Protein chains: 2
Amino acid sequence: MTDRSEPQSPSPLLLRLQAVEGSLTKSEAVLAQWLTRNEAALGLETGATIAAKTGVSEITVSRFLRRLGYRGMAALKEDLLERGAAQLPGADLGLRLLDGEMGTLIRRDAEAVLALAAQVARPEWAEAVAAIHAADGVFVTGFQTVKGAAADFARRLSILRDRVRFVAAHDSGLAEWLAPDPAETRCLILIDIIPYAREAEPLVRLARAQGMAVVVLTDELNTWAAALTPHVFFVSSKAHAYVESSGPLASLLSLVTHSVAAQDPARAKARLAAWPALLRELALF
Amino acid sequence: MTDRSEPQSPSPLLLRLQAVEGSLTKSEAVLAQWLTRNEAALGLETGATIAAKTGVSEITVSRFLRRLGYRGMAALKEDLLERGAAQLPGADLGLRLLDGEMGTLIRRDAEAVLALAAQVARPEWAEAVAAIHAADGVFVTGFQTVKGAAADFARRLSILRDRVRFVAAHDSGLAEWLAPDPAETRCLILIDIIPYAREAEPLVRLARAQGMAVVVLTDELNTWAAALTPHVFFVSSKAHAYVESSGPLASLLSLVTHSVAAQDPARAKARLAAWPALLRELALF
DNA sequence: AGATCAATGTTAGCATTCTACCATAATCAG
DNA sequence: CTGATTATGGTAGAATGCTAACATTGATCT
């Protein structure tokens with residue numbers, strides 16, 4: 001009763017996935033999991049879109065479907081439809097879950113992310129991105145609870161362009177600041193949210209005194225930065241959790257990364273392609 | 001109250017059908033009725049199949065969809081899907097701003113954050129939080145582009161409870177693993193997203209072999225973790241930016257922090273109050 | 001009836017999906 | 001390490017979906 005001679009099939013997707021569960025290749029495992037988790041929303045997917053979302057190639061999707069006994073996406077959808085429900089909409093999944101305290105926190109983070117659109121739309125955004133792009137050297141710094149996020153940001157940015165350094169206050173990186181090459185343009189990206197670090201403001205003053213462009217990524221409550229540089233961007237932070245979420249900030253950082261990369265897409269893509277090779281050389285940690 | 005002035009479309013299919021109900025031609029009436037009665041099963045239909053089933057020509061279907069405000073079947077299906085999915089609460093905020101490439105990235109991040117609700121609602125979530133809360137010692141590790149986020153997470157968690165350590169693979173922290181005190185319960189929180197680190201899986205195996213509870217925070221495409229521990233939580237990661245955003249992941253981490261803190265609110269608040277003092281002692285960097 | 005115009009269909013072309021064929025990369029045995 | 005085997009991807013072409021431009025039908029009005 002499996003699917004030997006008959007092209008069509010009495011068994012639903014999940015059963016078929018279980019049947020081959022033991023003998024999956026890497027790509028197939030990715031596909032199997034993705035299909036399992038997104039079964040309800042398969043209606044409007046196509047081989048190509050699944051390939052894009054899972055990171056495998058289109059033909060691998062096609063092959064896997066065949067292995068499951070479907071002659072293609074159409075056959076799969078047909079099977080899903082025939083077996084009762086066939087509901088296109090992801091259904092109730094969303095709103096009911098957003099109740100309660102956790103739901104509130106989640107919604108606040110999501111809203112804060114959406115609010116980033118207003119920051120990106122500001123004219124200063126383009127200026128800041130251009131300044132980062134144009135700088136010969138970029139310094140990134142962050143404090144306390146966002147120090148790690150700043151380090152990650154520096155790491156990502158350095159994938160896409162060279163001469164990006166994460167600096168800590170007592171770090172050797174500072175030496176380079178104090179003896180700047182006047183022929184070089186440099187840029188400081190400072191990330192600081194509440195509770196603010198005392199070092200932040202003097203650091204920005206110093207950088208400005210040396211003629212550096214300074215981009216500050218901070219939260220709404222920051223009042224000192226705007227006086228020192230026009231390139232200040234805000235995330236809203238009123239979560240009222242035990243500790244402030246840094247999710248929206250991380251999203252903002254990712255937008256900066258993306259915008260800078262988009263200034264020179266060709267270079268970004270080339271560097272990105274070379275990155276995995278680079279990684280293997282490192283300790284991976 | 002939702003969609004008065006906007007020309008493009010916040011409303012689902014049925015609303016649109018009602019809007020044009022009064023002025024339908026013969027073919028359009030047929031189509032409208034068929035669409036109404038088969039709305040649930042539209043997923044696998046195509047312009048041609050609808051045409052065949054209703055007896056009108058393909059182009060008439062196409063035209064009617066246009067009249068309804070959809071640019072084609074794809075747009076219709078997309079609309080149907082989104083209706084079921086969580087509505088973005090603050091979408092009104094930046095509706096106009098959410099256009100373009102950056103707008104797409106922002107929306108994807110926001111959606112990914114909202115989708116976290118499904119993870120938090122899983123029964124495993126409560127188990128994982130309880131395990132973290134109950135453990136005598138908590139180890140946190142993360143790799144590559146989320147190493148910093150993992151470090152921040154460890155830092156935040158250690159504000160709220162003691163004996164939290166961020167460990168790197170080649171770190172001295174590992175020594176403590178290899179000579180465990182059998183009287184202590186320990187817990188590993190591992191954060192890993194694409195591109196996955198090779199160390200991750202062996203690390204989890206090792207921890208499990210030692211009887212540790214293991215919580216894995218990863219993305220949808222991770223296939224190895226679920227086989228090793230029940231406490232695997234996913235963020236969706238299909239941004240297609242130059243580099244994946246880690247914003248939703250950071251939000252997830254913050255939710256973990258919050259949930260763990262909520263296990264013992266009194267202690268969390270007490271430690272939080274003592275924290276600024278503690279900070280002043282540190283180098284702040 | 002004949003003119004006029006809206007509604008619908010036909011044809012053709014472009015875009016997209018899916019798959020056949022071959023090339024490359026990863027894996028494993030010895 | 002080498003070579004065999006398997007998994008995966010790339011390219012190109014057939015099939016299908018969608019729509020623009022033109023043709024036809026059918027309804028309405030005088």
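Predicted model, so just to flag it, every value in this text is computed and none were measured. Naming: A, B, ... by sequence-line order, numbering from 1 per chain.
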Under the side chain to side chain donor-acceptor pair (under 3.5 Å) test, residues paired with Thr218(B) that sit two or more places apart: Asn222(B)
Using a heavy-atom cut-off of 4.0 Å across all strands, would you classify Val61(A) as base, sugar-phosphate, or nothing? nothing
Only counting residues at least two apart or in another chain, list the ones meeting ring-ring contact (aromatic ring centres under 6.0 Å, His included) with Trp125(A). Phe233(A)
Is any side-chain nitrogen or oxygen of Thr46(A) closer than 4.0 Å to OP1 or OP2 of dT16(C)? no
Show the distances under 3.5 angstrom between N or O atoms of the protein and N or O atoms of nucleotides 19-25 of chain D.
from, atom 1, to, atom 2, distance (Å)
dT19(D), OP1, Arg71(B), O, 2.5
dT19(D), OP2, Ser62(B), OG, 2.4
dA20(D), OP1, Arg66(B), NH2, 3.2

Check the phosphate of dT8(D) against Ser27(A), side-chain N and O only, distance under 4.0 Å to OP1 or OP2. Yes or no? yes
Among residues at least two apart in sequence or on other chains, which ones pass side chain to side chain donor-acceptor pair (under 3.5 Å) with Arg161(A)? none
With sequence neighbours excluded, what pairs up with Gln33(A) under the side chain to side chain donor-acceptor pair (under 3.5 Å) test? none
Minimum-distance nucleotide (side-chain atoms of Glu28(B) versus dA7(D), dG9(D), dT8(C)): dT8(C)
Can you tell me if the side-chain N/O atoms of Lys26(B) get under 4.0 Å from OP1 or OP2 in dG26(D)? no
4.5 Å side-chain heavy-atom contact, Glu45(B) and Trp34(B): yes
Check the phosphate of dG9(D) against Thr60(A), side-chain N and O only, distance under 4.0 Å to OP1 or OP2. Yes or no? yes
Got a sec, which residues hit side chain to side chain donor-acceptor pair (under 3.5 Å) with Thr36(A), two or more places apart in sequence or on another chain? none
